[in-house]
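The structure appears below as structure tokens.
As the structure is a computational prediction, the values presented were derived from the model and not from experiment.
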Amino acid sequence: MDDEAMFVRTQSLPQTSQRPMTVRVHTPIGSVVVLWRGDPREADGQHLVEWTVDDDVHWGQNTRPASSANAELRQEGNRVIMCGLLHLTEDGAAHLKMGPWSVLFDLAAPIPIGPDESWVEINVGTESVALHPYQT
């Protein structure tokens, strides 16, 4: 199995025609509202998914040291909070390890934190986070 894939339960939410489809996603580490990039008719159910985040990591703006060393997903208004271990890659990107799963991020600028694998909290808008179901 792909280590970026996560098995989740999704629940469709009331939709409007002017906005992209959203779902509430339930994971072992929390529940949040995100965009759904699969077939709208299959939005309710169990899915193996990959997460994408359009926002870059901006240290001091949407990213900061985490207050605890626990993987977590939570909703605060129209924001998704992701807590995990941040790993920097050699090509200038990063991935946030939340339990056994990773979410890839681009860096807006170099991260001024200590060694690799620092616990961080990344705070992004709900509409910048999307779930892509795997086709099986």
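Within the model, atoms CD of E127 and CG of D54 stand 10.5 Å from one another, a figure rounded to the nearest 0.5 Å. Interatomic distance, L88 CG to S118 OG, rounded to the nearest 0.5 Å: 7.5 Å. Taking OG1 from T27 and CD from E72, the interatomic distance works out to 9.5 Å, rounded to the nearest 0.5 Å. Atom CD1 of residue I29 and atom CZ of residue R74 lie 11.5 Å apart, to the nearest 0.5 angstrom. Interatomic distance, T63 OG1 to D55 CG, rounded to the nearest 0.5 Å: 9.5 Å. Rounded to the nearest 0.5 Å, atoms CE (M98) and CD1 (I122) are 8.5 Å apart.
Side-chain N or O atoms of T10 include one that pairs as donor or acceptor with a backbone N or O of A43 at under 3.5 Å. Side chain of Q75 to main chain of R79: a donor-acceptor pair is present (N/O by atom type, distance under 3.5 Å, no hydrogens or angles).
Put simply, L73 and L35 are part of two different groups of oily side chains (I, L, V, M, F, W, Y) that touch within less than 4.5 Å, one to the next. One hydrophobic cluster, built from ILVMFWY side chains closer than 4.5 Å, holds both Y134 and F7. If you chain together hydrophobic residues whose side chains sit under 4.5 Å apart, I81 and V23 never meet in one group. Hydrophobic clustering (ILVMFWY, side-chain heavy atoms < 4.5 Å, transitive): V103 and V33 are in distinct clusters.
Every side-chain contact (heavy atoms from CB on, under 4.5 Å) that S31 has, sequence neighbours left out, goes to R24, H26. With sequence neighbours left out, R37 forms a side-chain hydrogen bond (donor to acceptor under 3.5 Å, both in side chains) with no residue at all. Among residues two or more places apart in sequence or in another chain, the side-chain contact (heavy atoms from CB on, under 4.5 Å) test is passed with T52 by A130, H132. When the salt bridge (charged side-chain N to carboxylate O under 4.0 Å, His left out) test is applied to E90, no partner is found at least two apart in sequence or on another chain. Shown here are the side-chain hydrogen bond (donor to acceptor under 3.5 Å, both in side chains) partners of Q61, two or more places apart in sequence or in another chain: there are none.
A donor-acceptor contact closer than 3.5 angstrom links the side chains of S12 and D44.
For CZ of R64, the number of neighbouring non-hydrogen atoms (other residues, nucleotides, ligands) closer than 6.0 Å is 12 at most.
Using cut-offs of 30° and 60° on the angle between ring planes, the pair W36 and H47 is tilted.
Here the closest non-hydrogen pair linking A94 and L107 is CB-CD2, 3.8 Å. Across V49 and P133, no two heavy atoms sit closer than the pair CG1-CA, 4.0 Å. In plain terms, the two heavy atoms of C83 and N70 that are nearest each other are CB-O, 3.6 Å.
The side chain to side chain contact (heavy atoms under 4.5 Å, CB included) test with V129 is passed by exactly one of V124, T22, V25: V124.
Taking a 4.5 Å side-chain heavy-atom cut-off between Ile, Leu, Val, Met, Phe, Trp and Tyr, the cluster of L85 extends to W119.
Looking only at side-chain heavy atoms (C-beta outward), L131 and W51 come within less than 4.5 Å of each other.
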